[in-house]
2 protein chains.
Amino acid sequence: MRRHADYRQLIRDVLRDAAGPLTADDLRTALVETGIGIATVYRHLKAGLHDGDFVSVELPDGPLRFESASRPHHHYFACTRCEKVFDVEGDLDGIERLVPTGFELNDHEVILSGLCRDCVSSYEREC
Amino acid sequence: MRRHADYRQLIRDVLRDAAGPLTADDLRTALVETGIGIATVYRHLKAGLHDGDFVSVELPDGPLRFESASRPHHHYFACTRCEKVFDVEGDLDGIERLVPTGFELNDHEVILSGLCRDCVSSYEREC
DNA sequence: GTCGTTGCAAAGATTTTGCATTACC
DNA sequence: GGTAATGCAAAATCTTTGCAACGAC
């Protein structure tokens, strides 16, 4: 089996092409043909976070997810039924207004939750 | 040692008086004199989440935190230096605008991050 | 006595680390 | 050969679960 592939670049590629943030195990699965181990995935993710290649997103009730830092600013919609996570375009106004006096704002994250389109549809069918 | 105290109520009391969201272990520590076990803390938190007594907040790089559901709607400021979490008053406009067509929004969460007042001060002193 | 609650410990799930081995140059 | 990266497995951390014992009534 091939070893010492450019795993960092492979992880970058997978994250760049993903529709939303991925877990470490999602990445290992995507790269399973290379034989990458989960420890190596975590090591590259951690190094990439430090280097600014990736950002991490913590969502309710799930493992940490990662995505490419180069994606345009966006937020998330977490479906409480199917547990999928969707990227959401756009941003909010007035964020600075929330920051307490003397605090220094560096980043922000908005997580919407509810039902995604598919789950709204299947819920309506069931009732 | 006293057993079968009204642990749910004790947990409610601690969360009601807290300055921000607490971890399960914070709660066990706060109630250590009662001899409560961590499993019981988690069991009441889980039941209370289901009953709508508590809400959970997942913040970057830390265990799940909990707070009273009865607190007025607010958001969080997570200091990246001292890792404390502060409640933030107020809310944002235009959240509905972000929701993709066909999705049903039930909740949202805003997590600001940066430096808290104390860390801004000590950072300035150091430089 | 019955039923629900509890503590403890074990199990799960996720993430990190130690270490010998391997690949690259 | 020397250096850095890797896989495996153990450890660490956080959370859940099984179960026997206990308390409330």
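Sequence lines set the chain letters: A, B, ... in the order given, protein chains first and strands last, and positions in each chain run from 1. Hydrogens, waters and symmetry mates play no part in the numbers below; they use all other heavy atoms, side chains included.
For the OP1/OP2 pair of D:dT6 and a distance below 4.0 Å, the side-chain nitrogens and oxygens of A:H44 include at least one atom meeting the criterion. Between A:Y7 and D:dA4, a side-chain N or O to OP1/OP2 separation shorter than 4.0 Å is absent. Between A:Y42 and C:dT16 there is no side-chain N or O to OP1 or OP2 distance below 4.0 Å.
Rounded to a whole Å, the CD atom of B:Q9 is 17 Å from the C1' atom of C:dT5. Summarising the geometry, the separation between CZ on B:R43 and C1' on D:dG18 is reported as 10 Å, rounded to the nearest angstrom. In this structure, CD of B:E58 is placed 12 Å from C1' of D:dT15, rounded to the nearest angstrom. Atom CD1 of B:I38 and atom C1' of D:dT13 are 12 Å apart (whole Å). With rounding to whole Å, A:H50 atom NE2 is found 14 Å from C:dT16 atom P. Put simply, CG on B:L64 is 14 Å from P on C:dT14, counting in whole angstrom units. Atoms CG (A:L27) and C1' (C:dT14) sit 15 Å apart, rounded to a whole Å. Here the C1' atom of nucleotide D:dT15 and the NZ atom of B:K46 are 9 Å apart, to the nearest Å.
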Could you please spell out the steps behind the side chain to side chain donor-acceptor pair (under 3.5 Å) verdict for B:T23 and B:D26? CA-CA 5 Å; B:T23 67; B:D26 291 338; 3.1 Å; yes

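When the options B:V57, B:L22, B:L59 are evaluated for a side chain to side chain contact (heavy atoms under 4.5 Å, CB included) with B:V85, the one that passes is B:L59.
Note on ring orientation: taking the six-membered ring where Trp is involved, the planes of A:F77 and B:F103 are perpendicular (angle over 60°, cut-offs 30° and 60°).
Heavy-atom nearest nucleotides on DNA chain C were determined for A:A39 and for B:R8, and the one closer to the 5' end corresponds to B:R8.
Centroid-to-centroid, the aromatic rings of A:Y76 and A:H74 come within less than 6.0 Å.
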